[in-house]
Amino acid sequence: MTHGNAPAAVPRSTLVVTAHAGDFVWRAGGAVALAASRGEKVTLACLTFGERGESAKAWREGRQLEEIKALRRDEAERAAAVLGAEVRFFDAGDYPLTETAELTDRLVGVYRATQPDVVLTHPAEDPYNGDHPAAHRMALQARILAQAVGYPGEGGVIGAPPVFCFEPHQPEMSGFRPEVLLDITEVWETKRAAMECLAAQRHLWDYYTDLAVRRGVQLRRNAGPNLGLAHTTLAEAYMRPYPQITKELA
Ligand SMILES: [Zn+2]
């Protein structure tokens with residue numbers, strides 16, 4: 001981790017790697033808004049627009065591929081602006097998103113340019129959507145390559161930013177355990193406003209509101225009564241593929 005030694009003038013940096021343009025909103029919008037609200041830098045790397053796999057409404061309306069990509073790009077840019085993050089699109093093509101050395105190398109460049117203190121991406125499993133595990137694999141591989149002094153490219157090598165895997169749409173079927181519960185209550189209105197930018201996936205607005213309520217109940221249960229958390233606590237859940245580093249068990 002670099003933030004402990006970084007000059008005070010350098011804000012902490014978060015990198016979010018997603019398969020599709022909407023993923024960062026549903027799964028990590030609270031974490032993004034929280035970091036941005038603290039004045040931190042958040043970079044969203046969207047490998048595709050989700051134009052084929054996550055834009056069914058637009059296809060049913062008779063729109064064409066390029067029009068749908070533009071529509072999803074516009075939605076994601078507006079959602080990112082609401083959350084306070086910078087978004088970069090790779091336009092790698094979804095359904096399927098193909099894992100390539102070239103795309104991974106482009107991600108290495110983003111790691112080295114942004115020098116993340118924290119990385120968010122999909123978990124390793126998702127039997128309903130192969131693009132998500134592909135993005136996970138490339139996000140982790142790029143992190144490893146970006147750490148290697150001998151790997152060529154612009155920018156300095158990175159440290160070992162902790163990785164948090166956000167919640168998939170079918171958590172039980174994807175082997176997802178809520179190992180980390182993040183309290184997003186204070187930025188909930190921001191996350192909801194970002195969700196409402198994604199008109200192409202309007203059917204998910206209430207689903208992800210309900211999920212935040214459920215994870216909030218679990219957060220309060222695990223926090224215990226002494227913290228005095230409100231019944232209206234809302235949360236996002238994450239998994240950690242690497243060990244937490246600490247000098248104190250807390
Ligand atoms: Zn997705």
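Fair warning: this is a prediction, and the values are worked out from it, not measured in the lab.
By the criterion of side-chain heavy atoms lying less than 4.5 angstrom apart, applied directly or through intervening Ile, Leu, Val, Met, Phe, Trp or Tyr residues, L211 is grouped together with W188 in one hydrophobic cluster. Residue L107 is not grouped with residue V118 when hydrophobic side chains (ILVMFWY) are merged at heavy-atom distances under 4.5 angstrom, including chains of intermediate members. A continuous path of hydrophobic side-chain contacts links F24 to L120 [ILVMFWY only; heavy atoms under 4.5 Å]. Residues V32 and I184 share a hydrophobic cluster, clusters being chains of Ile/Leu/Val/Met/Phe/Trp/Tyr side chains in contact below 4.5 Å. By the rule that hydrophobic residues join a cluster once side-chain heavy atoms approach within less than 4.5 Å of another member, V180 and V187 end up as members of one cluster.
H20 and D131 are linked by a side-chain donor-acceptor pair at a separation below 3.5 angstrom, with hydrogens and angles left out of the test. Side-chain contact of Q218 with R215: a donor-acceptor pair under 3.5 Å is present, judged by distance alone. Remark: the R220 side chain and the T233 side chain contain no N/O donor-acceptor pair separated by less than 3.5 Å.
Counting heavy-atom neighbours within 6.0 Å of R38 CZ, excluding the residue itself, gives a total above 12. Taking a 6.0 Å sphere around CZ of R143, one finds it holds more than 12 heavy atoms contributed by other residues, nucleotides or ligands. More than 12 heavy atoms of other shown residues, nucleotides or ligands fall within 6.0 angstrom of atom CZ in R240. By the 6.0 Å contact criterion, NE2 on H203 is enclosed, its count of non-hydrogen atoms from other residues, nucleotides or ligands being greater than 12.
Separation of atoms OG (S174) and CG (N129) is listed at 9.0 Å; rounding is to 0.5 Å. To the nearest 0.5 Å, atom CG of residue L198 and atom NZ of residue K57 are 11.0 Å apart. For the atom pair OG1 (T18) and NE2 (H132), the distance works out to 8.0 Å, reported to the nearest 0.5 Å. If you take CZ on F176 and CD on E125, they are separated by 12.0 Å, rounding to the nearest 0.5 Å. Expressed to the nearest 0.5 Å, how far NZ of K191 lies from CD of E196 amounts to 13.0 Å. Note that CD of E186 and OG of S37 are 5.5 Å apart. Values are rounded to the nearest 0.5 Å.
A 4.5 Å side-chain heavy-atom check between V110 and R106 finds every atom pair outside the cut-off. Contact of the R73 side chain with the V87 side chain is not registered, since no non-hydrogen atoms from C-beta on lie closer than 4.5 Å. Contact annotation: the side chain of M195 approaches that of T209 to within less than 4.5 Å [non-hydrogen atoms, C-beta and beyond]. You'll find the side chain of V213 reaches within 4.5 Å of the side chain of L234, heavy atoms only. Residues W26 and W205 have side chains in contact (heavy-atom distance under 4.5 Å, counting atoms from C-beta outward). With contacts defined as side-chain heavy-atom distances shorter than 4.5 Å, the pair C197/V82 qualifies. Two residues are said to be in side-chain contact when any heavy atoms from C-beta on lie closer than 4.5 Å; Y208 and R27 meet this criterion. Residues V163 and T121 meet the side-chain proximity criterion, which asks for heavy atoms closer than 4.5 Å.
Smallest separation of non-hydrogen atoms from F166 and H122: CE1-ND1, 3.4 Å. Of all the heavy atoms in Y238 and A28, the pair that sits closest is OH-CA, 3.4 Å. Looking at every heavy atom in both residues, L145 comes nearest to T104 through CD1-CG2, 4.1 Å. A35 approaches V42 most closely through the heavy-atom pair CB-CG2, 3.7 Å. Minimum heavy-atom separation, A146 to Y111: CB-CB, 3.7 Å. When all heavy atoms of L182 and L219 are compared, the closest pair comes out as C-CD1, 3.8 Å.
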Side chain to side chain contact (heavy atoms under 4.5 Å, CB included) assessment of R88 paired with T114: CA-CA 12 Å; R88 301 186 188 190; T114 60; 4.1 Å; yes
Stepwise side chain to side chain contact (heavy atoms under 4.5 Å, CB included) check, Q115 with V10: CA-CA 11 Å; Q115 294 288 316; V10 179; over 6 Å; no
Test side chain to side chain contact (heavy atoms under 4.5 Å, CB included) applied to L103 and L97, step by step: CA-CA 10 Å; L103 188 53; L97 168 62; 3.9 Å; yes
Verdict with supporting geometry, D183 and L229, side chain to side chain contact (heavy atoms under 4.5 Å, CB included): CA-CA 10 Å; D183 187 339; L229 294 171; 4.0 Å; yes
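Relative orientation of the H169 and Y207 rings is tilted, given thresholds of 30° and 60° on the angle between their planes.
For the pair R112 and Y151, the cation-pi criterion (under 6.0 Å, within 45° of the ring axis) is not fulfilled.
Ion pairing between E189 and R192 fails under the 4.0 Å rule for side-chain N and carboxylate O. Under the 4.0 Å criterion applied to side-chain N and carboxylate O atoms, E75 and R78 are not assigned as salt-bridge partners. One finds no salt bridge joining D210 and R214 here, because no Lys/Arg side-chain nitrogen approaches an Asp/Glu carboxylate oxygen to under 4.0 Å.
Checking side-chain atoms of D126 against main-chain N and O of P133 turns up no donor-acceptor pair under 3.5 Å. T48 contributes no side-chain N or O that, together with a main-chain N or O of G93, makes up a donor-acceptor pair within less than 3.5 Å. A donor-acceptor pair is defined here as one N or O able to donate and one able to accept, closer than 3.5 Å; no such pair exists between the side chain of E154 and the backbone of G109. Without hydrogens or angle criteria, E54 side chain to Q201 main chain gives no donor-acceptor distance under 3.5 Å. Remark: the backbone N or O of A85 is not paired with any side-chain donor or acceptor of K41 at under 3.5 angstrom. Side-chain N or O atoms of Q147 include none that pairs as donor or acceptor with a backbone N or O of I158 at under 3.5 Å. Checked by atom type and distance alone, the side chain of E51 pairs as donor or acceptor with a backbone atom of F49 at under 3.5 Å.
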